[in-house]
Structures are given as structure tokens and as C-alpha cells.
Amino acid sequence: MSKGLPSRSEDYSLWYNELVKRAGLAENSPVRGCMVIKPYGFAIWEKMQQTLDKMFKDTGHSNAYFPLFIPKSFFSKEADHVEGFAKECAVVTHYRLKNDEENGGVTVDPEAKLEEELIVRPTSETVIWDSYKNWIQSYRDLPLLINQWANVVRWEMRTRLFLRTAEFLWQEGHTAHATKDEAIKETEQMLEVYGDFVENFMAVPVIKGTKTENERFAGAVETYCIEAMMQDGRALQAGTSHFLGQNFAKAFDVKFATKEGKEEFVWGTSWGVSTRLMGALIMAHSDDQGLVLPPNLAPTQVVIVPIYKRDEELANISEAAKEIIDGLKAKGISVQFDDRDTHKPGWKFAEYELKGVPVRIAIGPRDMENGTVEVARRDTKEKQTVNRDAVVDHIGSLLDVMQKSIFEKAATFRNENTHTVDTYEEFKEILETRPGFIYAHWDGTSETEEKIKTETKATIRCIPLNSSPEEGKCIYSGKPSKQRVLFAKAY
RNA sequence: CGGGGCGUAGCACAGUCCGGUUAGUGUACCUGGUUUGGGACCAGGGGGUCGCAGGUUCGAAUCCUGCCGCCCCGACCA
């Protein structure tokens with residue numbers, strides 16, 4: 001492990017790339033655009049999965065699994081949907097290889113061409129709605145509340161670890177309802193679940209809103225989203241929840257008999273978060289020393305490093321550590337005792353900082369004499385000496401304090417980098433000098449949105465849900481506007 | 001697909017312009033010893049088809065031609 005990470009101020013994206021690799025989260029794979037998620041990175045993803053999965057179950061959803069491959073014909077049934085995804089689909093055309101007589105190795109067997117080509121799912125609406133047609137007949141079958149954990153493929157031109165890869169992991173919820181109102185409530189509920197998760201577990205503050213027509217999910221009537229700010233001031237979409245109306249029900253002929261005996265199309269939703277959240281987690285909190293993980297998502301919350309010269313010193317320290325470990329485990333805190341003699345304490349300190357372990361306890365001969373330990377918190381790098389018999393309680397509350405403090409720091413940063421402007425000149429000046437979120441009036445047209453994007457690279461991240469109506473003039477066209485929208489450069 | 005850059009040890013790079021001992025440095029790795037409260041030190045050691053294929057030459061990491069791969073900037077996107 002070589003020393004020193006590139007600094008955020010010098011080169012933010014180099015800092016991100018190096019951090020992901022050096023902290024052991026992920027690396028590039030031999031397959032262009034695809035990543036290898038390494039054990040430590042996957043452990044964090046698993047914590048996210050466990051937490052979200054429980055939240056989905058608590059709101060009445062069940063997990064299921066649908067195929068990786070989607071018949072091409074399914075895909076074309078919903079016009080907007082196919083248009084949105086067509087340009088980035090991987091397609092399976094053959095089902096067999098054969099020995100290559102001329103060049104050696106293997107080659108695609110031209111005899112083994114599929115009659116109907118298969119799309120590698122970029123999302124599963126079509127294959128799932130095809131099943132729903134058979135699952136739903138009556139109002140008694142509704143609502144149908146399904147989630148799946150899966151991988152999907154979108155053939156991206158340019159990729160970055162976690163933020164944009166050709167294959168990524170995610171969850172996709174797909175629900176069907178008897179009424180429009182209920183489907184909208186579901187869409188909004190899942191947005192709330194995502195907001196709750198991202199703010200309270202990832203410690204990243206979010207803005208909730210709806211997407212403009214340009215940014216809407218292909219096939220949705222309305223797309224809700226949560227937007228987070230990274231430390232370079234750019235926005236990252238952390239989750240989306242779509243109200244699908246009856247679009248997919250009509251495309252796949254999913255009807256149900258109402259109580260009154262009438263036949264009606266069902267109303268749908270879909271919602272998802274992906275391994276992209278890993279990117280958000282990293283970019284929201286980490287510093288030039290490495291990762292900063294909020295305690296609620298850290299695979300290891302506490303690490304204990306012994307400092308010793310002689311073996312009997314280590315034995316004494318281990319005994320003291322054992323007590324602390326038992327106490328922490330009893331509180332449900334994950335703890336690791338690193339008594340490897342292959343690395344020096346200083347090396348370990350740097351290593352655990354790189355990996356973002358929230359709390360480090362050091363115990364040395366001096367502590368053994370005084371009945372104390374040294375407690376260091378990762379987020380602020382503060383160190384303090386704590387009596388050994390008080391350390392378990394101390395850490396119990398420290399983790400809570402850190403979780404809140406990491407969120408507060410991110411929230412303060414976001415607020416300081418959020419601007420409200422009334423002129424296009426101001427708008428451009430801010431984007432050039434101090435990037436961040438910008439609230440501005442917009443005339444509601446795609447043309448204006450498109451022009452601003454071309455001229456400044458900033459896009460409308462969302463139309464905020466909780467902002468109050470306010471009369472104003474569009475910063476670009478001068479036409480009347482009833483509400484400010486959120487602009488930013490986005491990942 | 002356009003424009004730029006780069007392929008030399010696990011990783012990061014020097015050497016290439018101007019061809020010439022045995023291809024080098026840092027780091028990582030292995031062995032031994034001394035160390036251990038912020039990435040230890042000393043000594044010894046292993047590891048290379050210099051991206052691939054041709055060509056020029058007495059001689060190629062170095063010059064020429066072709067190909068492949070990767071990265072960055074654009075067009076496209078979660």
C-alpha cells in the first residue's frame with residue numbers, strides 16, 4: 001500500500017478513483033465498463049441491502065426473481081420505454097460456440113442463431129408485467145407488491161466505478177394497484193423510504209422532487225427522485241420512484257375485475273436504487289485520508305489496535321481488549337481486534353483511516369498502567385483518553401453522535417453551496433465559480449431546459465416537492481413561472 | 001465514432017528524442033536481525049515474452065509499418 005491519496009482539491013475525480021481502489025472497494029475488470037466489487041466494498045453494499053430489504057418488507061413487499069433475459073418482442077410493447085433504453089441494450093444472438101479451426105480458440109457457431117434475440121435486462125418492467133398479466137385477475141389479487149434484487153446491464157459509453165458501470169447491482173420494486181390514487185401513494189411512500197434510508201443510514205441529506213419530462217423514466221407518467229450533493233458541488237440522483245399510470249398494464253394487457261364486476265387496467269409503480277449509492281456514500285463524506293463511513297453502514301464499527309513491545313504486554317492488552325469486545329458485542333456493535341504482528345500500529349492507524357472505520361481504540365503499556373484506552377473518531381480525527389470501565393458506554397453513544405454529526409456536516413456543506421438566483425448572468429457566474437445547487441425560475445418548457453443544458457451543462461435535477469409556490473420569471477426566457485426548480489451539474 | 005495521451009516487475013514510473021555491457025528506480029513481496037504511542041531500519045533475495053506481429057540493422061524497450069488494449073476530452077446516459 002503506497003502512501004497518500006491525491007487530494008480532493010487538486011483532482012476530485014482522481015481522488016475518487018484512487019480511493020475506491022485503495023480502500024479495497026472495487027476495481028476495474030477485464031471486461032470493459034464492468035467492475036469487480038471487492039469484499040470490503042461488497043460488505044458495505046450488503047449492509048445497504050439488509051437495511052433496505054427490511055424497510056421493503058416492513059412496507060408489505062415480497063422478494064421474487066425474474067429472468068436476466070428479455071425476449072426482444074416484449075421490449076417493444078411500450079413505445080416510450082423501448083425508445084429510452086434501445087441505445088444501451090446488450091443483445092444475445094447465439095447460444096453456442098464451436099472450435100475455431102482457422103484461428104484456434106473458440107468462435108460463435110453461426111448455426112446456433114437464436115430465433116428470437118434476447119435482451120439482457122436494462123430494467124425488468126417488461127418481463128415482470130408479462131407475468132403480472134397471469135397473476136392478476138381480480139381486485140382480490142391487488143395490490144401486488146414485489147421487489148427483486150438483481151443485476152442489470154446498460155451499455156454505457158463512459159464508465160466510472162460505482163457511479164456508472166455497464167453492469168450494476170440494484171433492487172427494483174414493481175407494484176400493481178387497483179386505483180390511481182393508491183399507486184401514487186405507493187410511489188410517494190417508496191420515495192419516503194429511500195429518503196429515510198439515505199439520510200438516516202447513509203447520512204446524506206437529500207432533496208425530494210419530481211423529474212421534468214426530459215429526465216423522466218422511459219414509460220413513466222411521473223418520476224420522483226431524491227438528489228444529493230457531492231463534495232464537489234455536483235448533484236447525484238440517489239434513488240427514483242416511478243408512477244407508471246396504466247402504461248405497462250395497457251402494453252401487457254393487465255386487467256382486473258372490480259368489485260362491481262367491471263374490467264379495468266391496473267395502475268403500476270416501479271422504484272429502484274443501485275450500487276451507485278456506494279458512489280454517493282464515498283463522495284459525500286470521505287476526506288484526503290480515505291473513506292469516512294457513517295456508523296450505521298460500516299461493516300466494522302470499532303477496531304482495537306494493541307501497542308506493545310513484549311509478548312506478555314500483548315497478553316495483558318488482549319485480556320483488557322477481550323472485555324471491551326464482549327461489552328461492545330453485547331450492545332450489537334461490530335468490533336475487530338487487530339493483533340497482527342506483521343504490521344506496526346502506525347501502519348494500522350493509516351490503514352483503518354483509509355478504510356473509514358468509525359472508531360479506533362488504541363491500548364498500550366501506558367494505558368494498561370492508567371486503566372485507560374485511547375479512543376479516536378474517524379470523522380473529526382479527535383482523540384481522547386477514556387477510562388477502560390467507561391469505554392463501552394462511551395462508544396455506544398459516540399457512534400450515535402458520529403452518525404448525526406456526519407449528516408450535519410454534509411447538510412451544512414449542502415446548504416452553504418445552495419444558491420438562489422433570479423438572473424441568467426448570476427446563474428452562469430455561480431456555475432463557473434462555486435458550483436452547487438441553484439434554485440431558479442423556469443418556464444416549464446423542454447426547449448428552455450435544453451438550451452440551458454447546452455450552454456451551461458447544468459440540468460434541472462428536480463422540481464422540489466416541499467417548496468412553496470412563488471411567482472417569478474424564467475431566468476432564461478423571462479416567461480412567467482410559478483415555482484423555483486433545482487438546477488445543478490449532475491453525475 | 002471524432003480529438004489527445006499512454007502501454008517497461010503486483011502497483012507507480014524512468015530509460016525511447018540521439019539504437020550498443022547483464023533493462024533500472026520507488027513501492028509491494030520473501031529471508032534474517034534490530035524495532036513497535038502515527039505508514040520503522042539495516043542486510044540479503046526473488047520477480048520482466050519492455051502490449052502484439054512484421055520490418056530495418058552486426059545489434060532494437062529505443063527507428064519504420066500494421067494491429068490490439070487502456071486512460072482523458074467530446075457526442076449518449078442512472
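The sequence lines fix the lettering, A, B, ..., with proteins before strands; numbering per chain opens at 1. Reckoned from all heavy atoms, side chains included, excluding hydrogens, waters and symmetry mates.
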Tell me the interatomic distance from [X], atom [atom1], to [N], atom [atom2], rounded to whole angstroms.
X	N	atom1	atom2	answer
A:Asp311	B:U36	CG	C1'	12 Å
A:Trp347	B:C41	CH2	C1'	18 Å
A:Leu19	B:C11	CG	P	20 Å
A:Glu88	B:C76	CD	P	13 Å
A:Tyr16	B:C72	OH	P	13 Å
A:Asn17	B:C11	CG	C1'	16 Å
A:Glu167	B:A78	CD	P	18 Å
A:Glu353	B:G39	CD	P	12 Å

- Please check if the distance between the ring centroids of A:Phe85 and A:Phe217 is under 6.0 Å.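 Yes: the rings meet the under 6.0 Å criterion.
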[N] versus [M] - spacing of their [atom1] atoms, nearest Å:
N	M	atom1	result
B:U56	B:U16	P	25 Å
B:G51	B:C70	C1'	10 Å
B:G2	B:A75	C1'	9 Å
B:A9	B:G15	C1'	15 Å
B:C41	B:U35	C1'	8 Å
B:C11	B:U57	C1'	36 Å
B:G26	B:C68	P	38 Å
B:G7	B:G48	C1'	14 Å

Which nucleotide sits closest to the side chain of [X]: [options]?
X	options	value
A:Glu156	B:G37, B:A78, B:G38	B:A78
A:Glu351	B:C76, B:C77, B:G39	B:G39
A:Lys457	B:G37, B:A78, B:G74	B:G74
A:Lys87	B:C76, B:G38, B:G37	B:C76
A:Gln237	B:G38, B:G74, B:A78	B:A78
A:Thr165	B:G37, B:A78, B:C76	B:A78
A:Glu374	B:G37, B:G74, B:A75	B:G37

- With a 3.5 Å cut-off and no angle check, do the side chains of A:Arg461 and A:Thr459 form a donor-acceptor pair?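 Side chains of A:Arg461 and A:Thr459: pair found under 3.5 Å.
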- Nearest atoms (heavy-atom pairs only) where A:Pro345 meets A:Pro306: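 The pair with the smallest heavy-atom distance is CG-O, 4.2 Å.
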- Message: Quiz question: going by heavy-atom distance under 3.5 Å, is there a donor-acceptor pair between the base of B:G37 and the side chain of A:Lys344?
- Response: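 Check fails, no donor-acceptor contact within cut-off.
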- Query: Any N or O donor-acceptor pair linking the side chain of A:Arg154 to the base of B:C77 at under 3.5 Å?
  - Reply: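 Counting by modelled atom types and ignoring angles, no donor-acceptor contact under 3.5 Å is found here.
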Counting only Watson-Crick pairs (N1-N3 plus N6-O4 or O6-N4) and G-U wobbles (N1-O2, O6-N3), all under 3.5 Å, who is the partner of [N]?
N	answer
B:U21	none
B:C52	B:G66
B:U27	B:G10
B:G39	none
B:C1	B:G74
B:G59	none
B:G46	none

When you measure from the centre of the six-membered ring of [Y], is the NZ or CZ of [X] under 6.0 Å away and within 45° of the axis?
X	Y	answer
A:Lys451	A:Tyr476	no
A:Arg276	A:Phe168	no
A:Lys409	A:Phe413	no

- First encountered from the 5' end of RNA chain B, between A:Val31 and A:Gly346: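 By nearest-heavy-atom nucleotide position, the 5'-most residue is A:Gly346.
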- Item | Nearest-nucleotide comparison on RNA chain B, the residue closer to the 5′ end among A:Lys348 and A:Glu215 |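 Final value for this comparison: A:Lys348.
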- Quick one: label A:Phe217 by what it contacts on the DNA or RNA (base, sugar-phosphate, nothing), any heavy atom closer than 4.0 Å.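 Counting heavy atoms under 4.0 Å across all strands, no contact is made by A:Phe217.
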- Item | Matching residue for A:Phe487 among A:Trp442, A:Phe437, A:Tyr439, A:Phe427 - test: ring-ring contact (aromatic ring centres under 6.0 Å, His included) |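 Of all the options given, the one that passes is A:Phe427.
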- Query: Less than 4.5 Å apart, any side-chain heavy atom of A:Lys348 and any of A:Val303?
  - Reply: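 With C-beta onward as the side chain, the pair stays apart.
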